[in-house]
Structures are given as structure tokens and as C-alpha cells.
Amino acid sequence: MTAPDTTAPASDATSPDRLTLVDGSGYIFRAYHSLPPMTRPDGTPVNAVYGVTTMLMKLLADMDAEHVAVIFDKGRRTFRNDLHPDYKGHRPDAPEDLVPQFPVIREAVRAFNVACVEMEGFEADDLIATYARQAREKGIAVTVVSSDKDLMQLVGDGVALLDPMKNRPIGPDEVREKFGVGPDKVVDVQALAGDASDNVPGVPGIGVKTAAQLITEYGDLDTLLARAGEIKQPKRRQNLTDFADQARLSRDLVTLRDDVDVPAPLDGFGRKAPEGDALRAFLMDNGFKSLLAKVEGTLIPTPGEDQGAAPDPLAEARAAEAAYTLVQDAETLRAWVAEAQAAGVMAIDTETDALSAMRAGLVGISLAVAPGRACYIPLGHRAAADSGQLDLDGGGGGGTIDPGEAPRQLPLDTCVAGLRDLLRDPGVLKVGHNIKYDLHILARVGLEVTPVDDTMVLSYVLDGTGQGPGGHGLDDLARRHFEHTMIPFKAVCGSGKAQITFDRVPLDQALTYAAEDADYTLRLHRLLKPRLLDERMVAVYETLDRPLVPLLTTMEQAGVKVDPLVLRALSRTFAQRIADLEAEVHRLAGHPFNIGSPKQLATVLFDEMGLESGRKSAKTGAKSTGADVLEDLAAQGHDLPARVLDWRQFAKLKSTYTDALVEDINPDTGRVHTTFGLTGTSTGRLSSNDPNLQNIPIRTEEGRRIRGAFVAEPGHRLISADYSQIELRLVAHVADIKALKDAFHHGADIHAITASRMFGAPVEGMDPMLRRRAKAINFGIIYGISAFGLARQLSIPRGEAQAFIDAYFKEFPEILTYMEATKAEARQHGFVRTLFGRKCWTPGITDKNPNMKGLAERAAINAPIQGGAADIIKRAMIRLPSALTEAGLSARLLLQVHDELILEAPEAEAERTAEVARHVMAGAAALSVPLVVDTGVAPTWADAH
DNA sequence: CGGTTCACG
DNA sequence: GACGTACGTGAACCGT
């Protein structure tokens with residue numbers, strides 16, 4: 001697995017190669033000064049080593065460049081000392097506990113299998129400048145990772161600078177902010193202003209501000225010095241004349257050499273995956289055990305798989321003889337804990353007596369430490385079910401277990417105490433399949449679990465939804481990847497009326513079922529996690545979806561308070577309205593019928609009353625009774641369809657919301673706890689179910705009242721913070737639509753601006769009809785516009801809709817380019833990527849059926865937009881808890897509704913909480929358009945919005 | 001269990 | 001020139 005062609009990420013045909021150059025020396029000093037002293041067991045100080053190591057890990061996880069190298073200074077003397085003996089002369093010697101770390105840091109770089117370059121007589125910056133130039137000549141895009149201002153002169157023309165501390169790109173704008181001039185004039189400004197810390201003399205009396213002003217006025221240093229006599233201020237004129245040579249010398253000192261005869265060729269910087277053993281040895285030698293767990297399976301394959309030929313998971317699965325153990329005493333448990341500790345990676349799974357994560361009780365825990373090596377710890381098993389009724393395993397019995405009494409089990413407290421340290425050990429990675437569920441169960445017995453990986457999320461990030469048969473269930477994945485059929489739940493618990501809960505399952509069967517789950521979760525982890533690197537999905541998994549797992553767990557645990565009295569009152573109101581409307585509809589029809597049956601309703605409308613329906617349903621060709629059809633009929637003056645529309649609205653509100661939500665209130669907490677789905681959508685959005693709290697009504701007045709039942713605790717407030725127009729802003733950014741970007745920069749009414757440009761009407765006093773049409777088109781763009789869709793939405797002829805679209809493309813031509821490029825990308829790869837690298841699969845993109853193909857194309861156009869917005873709010877969510885803590889606030893995040901976050905906070909903190917949320921959300925992505933966040937604070941969700 | 005409808009973004 | 005849909009979800013209900 002060391003050949004570059006298998007480890008280097010596949011180069012994207014549409015984008016140039018990329019090179020990342022890291023200013024290693026800059027890192028060393030920052031790491032040294034920002035970290036407390038640390039030593040390894042032999043006494044060697046390692047704080048800077050640790051800092052550089054974590055930096056490298058993060059960098060390698062986040063970046064997806066094909067070439068990478070770390071550049072260091074070598075020795076203090078360089079050619080600059082020949083020009084100016086005092087150059088950097090005042091620099092103190094490196095601290096004595098830093099000196100021994102220099103060689104170890106180079107070891108660190110090599111342990112990550114990253115090229116490491118330094119050269120006598122030159123600074124790291126000169127080597128960086130040289131490599132950057134060489135790369136540019138080959139058409140390779142360059143990212144320089146450094147916060148050194150001296151490197152700013154390189155920015156532009158395919159060279160970007162990245163500040164690793166603030167993780168923010170430094171472009172021409174940032175350079176201008178710092179030096180008052182563009183990157184090409186930076187050396188001139190530095191030559192005049194000098195640099196006290198490097199002993200670059202410059203010209204006395206001139207700082208960065210004045211230098212920038214002078215260079216801007218005269219163009220460059222030579223012109224300025226030649227025309228110094230024109231300067232008005234006498235002192236400044238004198239100094240520029242007297243110190244002209246010194247200024248030229250200074251320029252030579254600050255100008256980076258890009259023609260160094262570098263010691264290593266650019267070709268050798270191809271990215272290679274680390275050698276597992278070397279990296280593992282390095283981390284262990286330096287006592288960085290917690291880092292080992294982080295790289296295990298991410299940057300390096302898990303033990304035993306990284307040597308020789310590529311791992312064959314099928315062979316491995318067949319070879320590993322399952323050896324499952326029942327844990328019934330403390331001694332055996334200790335042995336398993338020790339084994340897990342030594343392995344550094346383990347799988348964990350819980351068995352419970354119910355499905356609901358918030359209500360289920362713990363019945364047992366299974367652990368796996370190696371393929372085929374797993375155990376089950378029964379904890380809550382009761383007397384086995386009467387085996388006479390169930391022929392569960394074909395053997396017709398519960399093995400050696402006496403069905404009359406509960407089996408021998410470790411006391412829960414003993415087990416919890418025995419597992420506590422292991423489960424929170426930062427050096428031991430805990431892998432689960434949908435581990436959010438297990439985190440809930442374990443939290444309720446007092447067990448904290450960290451760090452965690454989730455094979456369901458890994459599978460989702462890598463393979464998306466709908467790739468191949470089945471979903472992301474453990475059984476699906478075991479079949480797909482290992483050709484292994486898991487023991488079905490039904491086989492141990494039965495189904496239907498005879499179904500038993502897991503606590504009634506005999507221990508021998510419970511063992512094989514439960515241990516198999518943990519076993520295959522671990523095998524899956526070893527298979528999937530290394531794929532992240534090869535398939536360029538490390539950043540999406542590590543920075544977006546993985547951190548969301550514990551966060552969503554706490555959100556689900558928090559729940560949201562719902563007032564049953566409000567809901568019951570609404571139910572009564574709606575019931576009355578429904579009854580009245582039903583009587584009215586029956587009277588108008590002339591006979592009773594089931595209004596809720598589209599079939600019966602169609603008979604009444606189209607056969608008995610003789611009305612004309614425009615549309616048929618898609619699948620069966622039945623006459624449609626959808627809301628748009630009924631609205632047309634109502635608009636023609638027919639009462640019955642109008643009443644049916646009202647009836648439907650209230651029936652929906654009552655059955656789906658006011659009646660159902662009361663049942664969802666957890667009796668223990670008085671709150672409603674949804675489950676957020678992290679792996680359900682094709683775009684990267686979350687979903688919400690049991691109950692769905694992402695579709696609580698708001699669009700009608702009656703529906704909105706339901707939000708009045710979502711309340712804060714006494715003395716608290718709900719805070720709602722939502723992105724304004726995030727998807728349209730993302731379109732403007734991603735498709736680089738100048739006119740749209742300008743409009744967002746001016747904070748204008750975006751739909752009115754669109755209307756103004758398309759229809760040539762002034763924004764002031766815009767005809768509401770024109771604005772409405774522009775708004776529909778803007779939405780259409782997000783959905784991958786079609787003339788038919790727009791025509792239907794606006795109830796206009798298709799020719800007219802096409803004319804609108806043509807006008808839009810004329811006004812915003814970049815959108816057409818974006819749409820075509822996105823479709824091409826989907827056809828070429830079978831997926832499109834969001835701004836942050838998430839893959840959205842586009843099945844059907846090459847379908848022969850033009851209908852299917854069109855559907856896939858529109859989905860492909862929509863995916864980067866919807867998915868990009870999903871990525872951004874995920875980033876905000878991940879940053880929010882620490883931002884709140886740092887601000888001294890105790891607010892809890894409760895809900896996410898795609899572009900909105902709902903928090904709960906003590907009344908006194910509510911306004912500040914809203915500001916923190918606004919700040920974090922607005923700053924969650926650096927787009928070329930501003931992100932605007934609206935907030936509201938109130939005792940109920942209805943009023944907070 | 002597929003189809004229809006409708007709640008949300 | 002026909003094809004005939006706006007993108008993404010989850011839940012309730014009907015009817016087979």
C-alpha cells in the first residue's frame with residue numbers, strides 16, 4: 001500500500017494539481033510558546049513536538065492536495081548575513097528546552113511520510129518561494145501554510161497563503177489590510193518601513209502606513225527614491241535621500257529568493273499515506289497515546305492491515321473464526337478491558353428492552369477488540385421466555401439456562417465501574433454502529449463514552465444513500481462488504497404477537513447475536529475508515545459529521561418542552577372545525593362519504609358534480625385531488641372543494657401535530673425528544689423523526705399556533721437564530737454570479753433586485769406581482785429550474801415561463817455556466833461535491849429516460865447548494881457549544897431545522913445567547929457574500945421566530 | 001405496503 | 001419533437 005498511485009487521492013480532471021508547502025519553523029516557535037512544558041518519560045521536552053504533531057495531523061486530515069512538503073530553516077546564518085551582518089542579529093538563542101526538540105520534530109514529519117526540506121544558507125521562506133515558483137510553472141496551484149507576513153509577497157496568481165492558527169486564508173485583500181498595498185508591492189513597503197524584529201533597517205521615520213502611501217503614490221521604491229526631492233515634508237525628504245541605499249539593502253533583505261538550487265526536487269513531494277508502524281512507533285515513543293487513537297484508521301490503517309498486499313476483507317472475514325465470550329464475572333471483564341486498552345480501538349454495542357433511545361433500558365453490552373474476538377456482558381436479563389411457545393433456534397430450548405429464574409450476571413454497578421475509565425480513555429477509540437443510540441443508553445447508567453467513531457456515519461459519508469441495495473444498517477453493510485448474513489433480530493426475539501424483548505432472550509443466544517454486532521462493527525470500521533483518505537472524505541467526516549454525533553446526542557437528550565394543555569385546547573378547537581366542515585361538505589355533496597379518501601372525493605367531484613380536473617396523479621393516473629387542483633376549483637366559485645381544503649388543513653394539524661405530539665411527551669422529562677438522522681438524506685442535511693420536529697407548521701395562522709406549545713422552562717427563553725436566504729447566497733458564491741453577489745453585499749431586497757434587472761422596473765415601488773415572479777425564479781434556480789416547473793408554480797403558460805428563464809440567464813449568465821458544469825461533473829463522476837467536499841451521489845444521471853435524467857440533473861444542481869448550506873449550519877453547530885461556554889453562557893442547543901437553530905437559555909442570558917449564536921452562525925463559512933442571521937427571543941417558539 | 005397528500009426547509 | 005417535473009425530507013391515512 002505504499003505505491004503513490006494507490007495512496008495519492010485521484011486527481012480531479014477538472015482542477016489542477018495542488019501543492020501544500022508548510023512553513024515548519026514558524027510552527028515550531030508558535031507551538032513552543034503556546035503549549036505548557038511537557039516531557040516524555042526519558043525527560044526530553046516535547047511540547048513543541050506535540051504542537052507540530054497535532055498540526056500535521058490536522059493539516060493532513062483537512063487538506064486534499066496531491067503534493068505536500070514541510071520546510072525548515074537550517075542554522076542561523078544565511079546569505080542575508082553577507083548583505084547585512086546584523087540581519088536577525090538581535091534574535092535571542094532558542095530556549096534551551098526547545099533545542100533538543102528540533103531533531104525530533106523532523107522525525108515527526110518523516111513519521112507522517114511527508115517530505116521535509118531545509119538548506120544551509122537559506123531561510124525556509126526562500127525555499128518556499130522557489131518551490132512555489134517551480135510549481136506555478138507546471139500549472140500546480142500552491143497553498144503556503146504560514147502566518148509569517150514575510151510570505152505575503154508570494155500571494156496571488158495561483159499561490160494562496162493559509163494562516164494555520166486562525167485557519168483563515170490570506171488573500172490579496174488581507175495583504176492589503178496588513179500592508180496597505182497589493183502583494184506585488186509588499187517588498188517595497190517593507191523596504192521603507194523596515195522590521196525591528198529582523199533588524200531590517202528601512203528608512204527612519206517611515207512606518208507601514210507612510211510607506212504604503214508613498215508606494216501607492218509613486219508606484220515603486222526605485223521611482224520613489226529617484227523622485228524623493230518632490231516630497232513635501234522636509235524631514236521625510238531628507239531621510240529618503242540620505243537612506244536611499246539602506247532602503248535598497250532592506251529590499252534585498254526582505255525579497256525572497258525564488259531561484260535557490262533546492263536540495264530536493266518538487267517531484268518527490270507526492271503525498272503518501274503514513275507507514276502505520278513508523279507513525280505508531282513515533283507516537284508511542286513520545287508518549288502521544290491520545291493522538292494514536294486519532295490517527296488509527298484515519299491516517300493509517302488499523303494494525304495488521306498495512307503491510308504487504310491490500311487487505312482482503314472477505315478473506316479476513318472468512319478467516320477470523322468467531323470466538324465469542326460471555327462475561328459474567330469481574331475477573332473476565334477486567335481481562336477484556338485490558339485487551340481493549342492494549343488494542344486502542346474497540347467496538348461497542350448495547351442491547352436494550354425497547355427501541356426508543358430515550359426510554360429503553362440497558363440489557364447488555366457487547367465489546368469487540370479484534371475481528372472475531374468479541375464478548376457479551378449480560379446485565380438486565382430476566383428469566384428466559386417460556387421456550388415452549390417459541391422455537392427460536394431450532395433447538396427448542398434455552399440451552400443450559402433454567403427458564404425459571406434470572407441468569408447469573410455481573411451487577412450493573414460493578415460493570416459500570418469496570419468500564420468507566422476505558423470508555424472515557426482518550427487513547428482508546430470506541431466504535432459503534434449508530435453509536436448515538438448507545439450513547440443515550442450508556443449515559444443513563446452514568447457512562448461517558450469518548451472518543452467515538454460511527455460506522456453508519458462512515459458508510460454514509462463514503463457511499464451516500466441509495467448506493468447499491470439496502471441502507472446503512474449493520475446487516476446491510478455486513479452483506480454488502482463481507483457477504484455475511486447477520487443473525488436476524490427476529491431469530492432471537494421472534495416477531496409479531498409472539499415477539500419478546502431482549503431481556504427475555506436466553507444468554508447463549510443473546511451472546512451470539514450481540515457479540516456478532518460488535519464484531520462486525522469493528523470489521524466494518526477497519527474496512528471503511530481507511531477509505532476516507534483515499535476518497536478524500538477525511539475532512540467531511542472528521543470536521544462535520546463525526547463531531548455532530550456527540551452533539552446531536554446531547555440535543556436529543558435535552559429535548560424541548562411542550563405544553564400539553566396548549567395542544568389539547570387546539571385539538572378541541574380543530575375537532576369542532578373538522579366536524580362542522582364535514583357536515584357542510586356532506587350537505588354540499590348530497591350524501592356522506594369519507595373526505596379523507598382521495599378516491600371517494602374524486603368520485604364526488606368529477607363524476608357526481610361533473611367538475612373538470614386538470615391533472616392526473618403521477619403513478620396510477622388517478623384523477624388528482626391535490627391542493628392545487630382544489631384551489632383552482634375553489635377559485636372558479638365551487639364551495640365544496642374550498643371546504644375540503646379547510647377540512648384537510650385541520651385534519652392534518654390535528655392528527656399529525658396536536659394529537660400526536662401530546663403522546664410524544666416523555667413522562668420523565670416533560671419534554672419531547674426527537675431523533676436526528678445523520679445518514680438519511682442525499683444532500684447532507686439532517687432529518688428528524690419520532691417525532692419529526694423539522695416540519696412543525698408555521699405557514700398558516702392556525703398551524704402557527706402549534707408552535708405556541710413549544711415553550712421554554714420557567715425563567716428561561718427560547719432563542720431562534722436562522723440564516724437569511726442561505727441557499728441563494730450559496731448560489732451567488734458557488735456560481736460566482738457578480739450581480740447577485742453585489743446585491744447581497746448591499747443588503748438589498750434580493751427578489752426585488754432580481755425583478756428589477758429582469759423586467760427593467762425600478763426597485764422603488766416594485767409591482768408585487770413582478771417581485772413574486774422573481775422570487776419564484778430565484779427558488780427555481782436553486783431547484784434546477786425548468787420551464788414546466790416554473791409555469792406550474794406561477795400558473796402561467798410554459799412559453800412565458802421560458803421567456804422569464806431566458807431573461808434570467810441573460811441578466812445572470814454565470815448561472816448557466818454553473819448548471820452545465822455541475823451536470824458535467826455529475827455525469828463524469830456519478831456524484832457532485834459541496835463547497836466543503838461532501839459527495840452527493842447522482843443516480844440516474846445517465847438514464848435513457850429523459851424524465852429520469854432530467855430529475856437527476858435537477859437534483860445534481862440542487863445538491864451542492866442544499867448540501868453546502870447543510871455543511872455550513874453543521875459547522876456552526878459544532879462551534880456553538882464552546883463559543884457559549886467561552887462567553888460564560890449556559891444555553892443549550894435544542895433543535896436544528898435546516899437553516900435555523902433553537903436554543904434555550906435562562907432569561908438573563910437570552911439576549912447574549914442570541915448574539916453568540918448570530919456571531920457563530922454568520923462566521924461559520926467565509927463566502928464571497930455575507931451570511932446574515934436573524935434572531936428572536938421569546939417564551940415560545942411561535943414568538944421567537 | 002405502495003400511493004396520495006401535506007407539514008417543513 | 002416528444003417526454004411532462006420544480007429540490008430535500010417524515011407522517012398520517014387510504015385501500016389493497
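Everything numeric in this text was worked out from a predicted model, so none of it was measured. To find a chain, count down the sequence lines: A is the first, B the second, and so on, and within it residues start at 1.
Residue A:Ser786 is in base contact, counting any heavy-atom pair closer than 4.0 Å across all strands shown. Residue A:Gly626 is classed as a sugar-phosphate contact, given heavy-atom separations below 4.0 Å to backbone atoms only. Backbone-only engagement by A:Ile698 is indicated by non-hydrogen atom pairs under 4.0 Å involving sugar-phosphate atoms exclusively. As judged by a 4.0 angstrom heavy-atom cut-off over every strand, A:Ala627 is placed among residues touching the sugar-phosphate backbone only. Within the nucleic acid shown, A:Gly780 comes within 4.0 Å of at least one base atom, counting heavy atoms only. Among the atoms of the strands shown, only primed sugar atoms or phosphate atoms (P, OP1, OP2) are found under 4.0 Å from some heavy atom of A:Gln600. Looking at heavy-atom distances under 4.0 Å, A:Asn849 makes no contact with the nucleic acid at all. Across all strands, A:Ile782 comes closer than 4.0 Å to no nucleic acid atom at all (heavy-atom distances). Residue A:Ala856 is out of contact with every strand shown, counting any heavy-atom pair closer than 4.0 Å. Using a 4.0 Å heavy-atom cutoff across all strands shown, A:Asn692 reaches sugar-phosphate atoms only and no base atom. Backbone-only contact: A:Arg792 has heavy atoms under 4.0 Å from sugar-phosphate atoms and none from a base. Residue A:Ile785 is classed as a base contact, given a heavy-atom separation below 4.0 Å to a base. In this structure, A:Pro697 reaches the sugar-phosphate backbone alone: every heavy-atom distance under 4.0 Å involves primed, P, OP1 or OP2 atoms, never a base.
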Start with the C-alpha distance between A:Met877 and A:Leu552, add both sets of side-chain angles, then the distance that settles side chain to side chain contact (heavy atoms under 4.5 Å, CB included), and finish with yes or no. CA-CA 9 Å; A:Met877 291 170 73; A:Leu552 291 177; 4.1 Å; yes
Carefully, step by step, assess A:Phe804 and A:Phe759 under the rule ring pair (Phe, Tyr, Trp, His ring centres under 6.0 Å). CA-CA 9 Å; A:Phe804 287 167; A:Phe759 305 119; 5.4 Å; yes
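Taking the side chain of A:Asn695 as heavy atoms from C-beta on, and the options B:dA7, C:dG8, B:dT5, the nearest nucleotide is B:dA7. Looking at the side chain of A:Arg648, the nearest of the listed nucleotides B:dC6, B:dG9, B:dT4 is B:dC6. With C:dC13, C:dG8, C:dT9 as the candidates, the nucleotide lying closest to the side chain of A:Ser687 is C:dT9. Proximity note for A:Thr683 (side chain, C-beta onward) versus B:dC8, C:dG8, B:dT4: the nearest is C:dG8.
Residue order along DNA chain C, read from the 5' end via each residue's closest nucleotide, puts A:Ala787 first among A:Ala787 and A:His898.
A close approach under 4.0 Å does occur between a side-chain nitrogen or oxygen of A:Arg858 and OP1 or OP2 of C:dC7. Contact annotation: A:Ser597 side-chain N/O to C:dC13 OP1/OP2 distance is not under 4.0 Å.
C:dA6 sits 23 Å from B:dG2 when the C1' atoms are compared, rounded to a whole Å. Comparing C:dC3 with B:dT5, their C1' atoms sit 25 Å apart, to the nearest whole Å. Between C:dA2 and B:dC6, the two P atoms lie 32 Å apart (nearest whole Å). Here, B:dT4 and C:dG4 have their P atoms 15 Å apart, quoted to the whole Å.
The number of heavy-atom neighbours closer than 6.0 Å to CD of A:Glu612, taken from other residues, nucleotides and ligands shown, is 12 or below. Within a 6.0 Å radius of NE2 in A:His919, no more than 12 heavy atoms belonging to other residues, nucleotides or ligands are found.
Base-pair partner of C:dG8: B:dC8 (Watson-Crick or G-U wobble, both distances under 3.5 Å).
Taking only distance into account, the side chain of A:Lys652 meets the base of B:dC6 through a donor-acceptor pair shorter than 3.5 Å. Within 3.5 Å, no donor on the side chain of A:Thr681 pairs with an acceptor on the base of C:dT9, nor the reverse.
With contacts defined as side-chain heavy-atom distances shorter than 4.5 Å, the pair A:Leu661/A:Phe710 qualifies.
Judged purely by atom type and a 3.5 angstrom limit, A:Arg729 uses its side chain to pair as donor or acceptor with the backbone of A:Ser724.
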